[in-house]
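So the structure is just underneath, and the comments pick up after that.
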Amino acid sequence: MSDIRLRTLRAFSRTPSLRAAARRYAGTAAEPAALEQKATPAAGPKPKGHSVVDSAIYCDGSRVASPESLADTYQVLHESPKSLAWIGLYRPDRRELTSLAQEFDLHELAIEDAIQAHQRPKLERYGDTLFVVLKAARYRDATEEVEFGEVHVFVGPDFVVTVRHAEAPNLAAVRRRVERDPELLRRGTEAVLYAIMDKVVDGYAPVVAGLENDIDEIETEVFRGDPKVSRRIYELSREVIEFQRATRPLVGMLDSLRAGFDKYGVDEELQRSLRDVADHVTQVVERVDAFRELLRDILTVNATLVAQQQNEEMKSLTVASNDQNEEVKRISAWAAILFAPTLIGTVYGMNFDSMPELHWQFGYPFAVGLMAMVCGGLHLIFKRRGWL
């Protein structure tokens, strides 16, 4: 058993409430694999007042204790000056965050943000403590939606406090990763922050792939003339905008971290790792920006195609209307031509004795000729006007 581990166990034994923990970990000191299995209990909602998902004390890159309460964690950390504490919380209440603020001197504004949640991604420094807000994302293929989670990270000289308000990101996987890599943990609390940011950024890749696939499908639907595609374009545009809001601030956040490398003495290898995360973030942001521009262009193309289709329909309706008008003209013209002899015949059919031409020898030829002359005149007029 190492000297550091022995000193830690002796510190446990001085506190009655922690003697049982000392006995438990004394028996597993030579079995790192067993400790790793205990390192991360299943994450999920806890009863009120017990939102601690996992709390661990690390010395020299190895996990040496898993206190069951915040008070026990504070005690062990005080008695092991060179140790590092990582406290993971899931939807904590104000009392627990106030306790952490008093113990680690966390700024009240950062605590208020962690309580309220629904914050934009950001990085703020309060003295020796960093406060980082990250937006995790998961792509739901069944609903074609992007689901967002939020994690708040307090990073101090000897502690890391993570506060989650959703199932994503899975920090249990991050904890297992760093515990399998003692060299990473030896680099301090910044290494834990790097591992969390790396996990969040790696989770963006499936989202990018899912959005790209949706855009490809939308392009096919647009040129196929699917009437429902406009709504899908709008909904996907909203998903892309939300994803852009989650990813774009990370560029500035990582730039701020890199600007403080020399000032805060960040390990050189850790600097390279953070630069790698920054490169991945830049790629994601560029892809998301391209998605947004592409969706805007697709929406314009769809509007143009819809307008063209409407114009074609209007043209067809206009042609049909013109044809109908021509038919109405013909019918009206023939109706007028046929009405003239009917009118003349009706007048001469009244059989009044005093009517002119009634007893005239040429009355009948005159009436027939008059009908023919009127019909011929009307036919000539309608013909010149193009009605016939």
Side-chain angles (χ1 to χ4, degrees), residues 17-18 21 39-58 63 65-80 83-136 148-175 178 188-197 199-200 246 249 253 256-257:
S17 63
L18 299 177
T40 313
K46 302 292 182 181
K48 187 175 181 181
H50 188 65
S51 62
V52 179
V53 175
D54 196 4
S55 180
I57 304 295
Y58 300 95
R63 181 177 185 137
S66 295
E68 296 180 356
S69 68
L70 293 179
D72 292 347
T73 303
Y74 304 155
Q75 184 68 28
V76 176
L77 191 61
H78 291 163
E79 296 176 351
S80 305
S83 60
L84 179 156
W86 180 0
I87 304 171
L89 303 175
Y90 180 82
R91 294 179 180 174
D93 56 26
R94 182 178 292 272
R95 179 182 59 81
E96 291 171 309
L97 288 176
T98 301
S99 171
L100 289 165
Q102 294 172 350
E103 177 65 26
F104 298 123
D105 193 25
L106 305 180
H107 198 278
E108 60 181 5
L109 293 178
I111 291 295
E112 196 65 29
D113 287 345
I115 292 173
Q116 294 179 356
H118 304 294
Q119 303 295 317
R120 63 177 180 83
K122 60 182 177 179
L123 183 149
E124 296 176 348
R125 184 175 290 276
Y126 300 97
D128 292 335
T129 302
L130 275 175
F131 176 59
V132 181
V133 178
L134 300 171
K135 287 279 192 179
F148 295 95
E150 187 173 328
V151 58
H152 300 226
V153 187
F154 296 89
V155 182
D158 60 350
F159 68 89
V160 175
V161 178
T162 54
V163 179
R164 289 188 301 123
H165 292 275
E167 295 299 324
N170 182 10
L171 296 185
V174 178
R175 194 183 288 268
V178 298
T189 54
E190 293 88 353
V192 177
L193 176 61
Y194 151 72
I196 294 172
M197 297 185 77
K199 173 67 175 178
V200 171
M253 292 165 58
S256 299
L257 279 177

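Heads up: numbering here begins at 1 and tracks the sequence.
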Exercise for the section: Would you please test Leu134 and Met253 for side-chain contact (heavy atoms from CB on, under 4.5 Å) and show each step? Expected result: CA-CA 10 Å; Leu134 300 171; Met253 292 165 58; 3.8 Å; yes
Practice task
Dump the intermediate steps for side-chain contact (heavy atoms from CB on, under 4.5 Å) on Val155 and Val192, then the final yes or no.
Solution key: CA-CA 9 Å; Val155 182; Val192 177; over 6 Å; no
Exercise for the section: In sequence, state the C-alpha distance, the side-chain angles, and the governing distance for Leu77 and Ser83, and then conclude on side-chain contact (heavy atoms from CB on, under 4.5 Å). Expected result: CA-CA 6 Å; Leu77 191 61; Ser83 60; 3.4 Å; yes
Handout entry: Residue pair Ile87, Val160: steps toward the side-chain contact (heavy atoms from CB on, under 4.5 Å) verdict
Key = CA-CA 6 Å; Ile87 304 171; Val160 175; over 6 Å; no
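Looking at heavy atoms from C-beta onward, Pro67 lies in side-chain contact with Ile57 at the 4.5 angstrom threshold. A 4.5 Å side-chain heavy-atom check between Val161 and Leu97 finds every atom pair outside the cut-off. Taking 4.5 Å as the limit, every side-chain heavy atom of Met197 sits out of range of all side-chain heavy atoms of Val153. Side chains of Arg175 and Leu171 form no contact here, defined as non-hydrogen atoms less than 4.5 Å apart. The side-chain heavy atoms of Asp113 and Val133, taken from C-beta on, include no pair separated by under 4.5 Å.
Minimum heavy-atom separation, Ala136 to Val200: CA-CG1, 4.0 Å. Residues Pro121 and Ala246 come closest through the heavy atom pair CG-O, 3.6 Å. Taking each heavy atom of Ala114 and Val163 in turn, the nearest pair found is O-CG1, 4.3 Å. Among all heavy-atom pairs drawn from Ala166 and Tyr90, the shortest one is O-CE1, 3.6 Å. Between Ala195 and Val178, the closest heavy-atom pair is CB-CG1, 3.6 Å.
Using modelled atom types, one side-chain atom of Thr189 and one backbone atom of Gly156 make a donor-acceptor pair closer than 3.5 Å. For the pair Thr129 (side chain) and Arg125 (backbone), a donor-acceptor distance under 3.5 Å is absent. No donor-acceptor distance shorter than 3.5 angstrom exists from the side chain of Glu124 to the backbone of Phe131, with no hydrogens or angles considered. Looking only at distances, no side-chain donor or acceptor of Glu103 sits under 3.5 Å from a matching main-chain atom of Leu100.
If you run ring pair (Phe, Tyr, Trp, His ring centres under 6.0 Å) between Phe159 and each of Phe154, Phe104, Trp86, Tyr58, only Phe104 comes through.
A distance of 13.5 Å separates CG of Leu70 from CD of Gln75, quoted to the nearest 0.5 Å. In this structure, the separation between OG1 on Thr98 and CG on Leu106 is 10.0 Å, given to the nearest 0.5 Å. Once rounded to the nearest 0.5 Å, the distance linking CD1 of Ile115 with CD of Glu96 reads 10.5 Å. Arg164 contributes atom CZ, which lies 9.0 Å from atom CZ of Arg91 (distance to the nearest 0.5 angstrom).
The residues Arg94 and Glu112 are annotated as salt-bridged, a charged nitrogen and a carboxylate oxygen being separated by less than 4.0 angstrom.
Between the side chains of Gln119 and His165, no donor-acceptor pair of N or O atoms lies under 3.5 Å.
No more than 12 heavy-atom neighbours from other residues, nucleotides or ligands sit within 6.0 angstrom of CD on Glu108.
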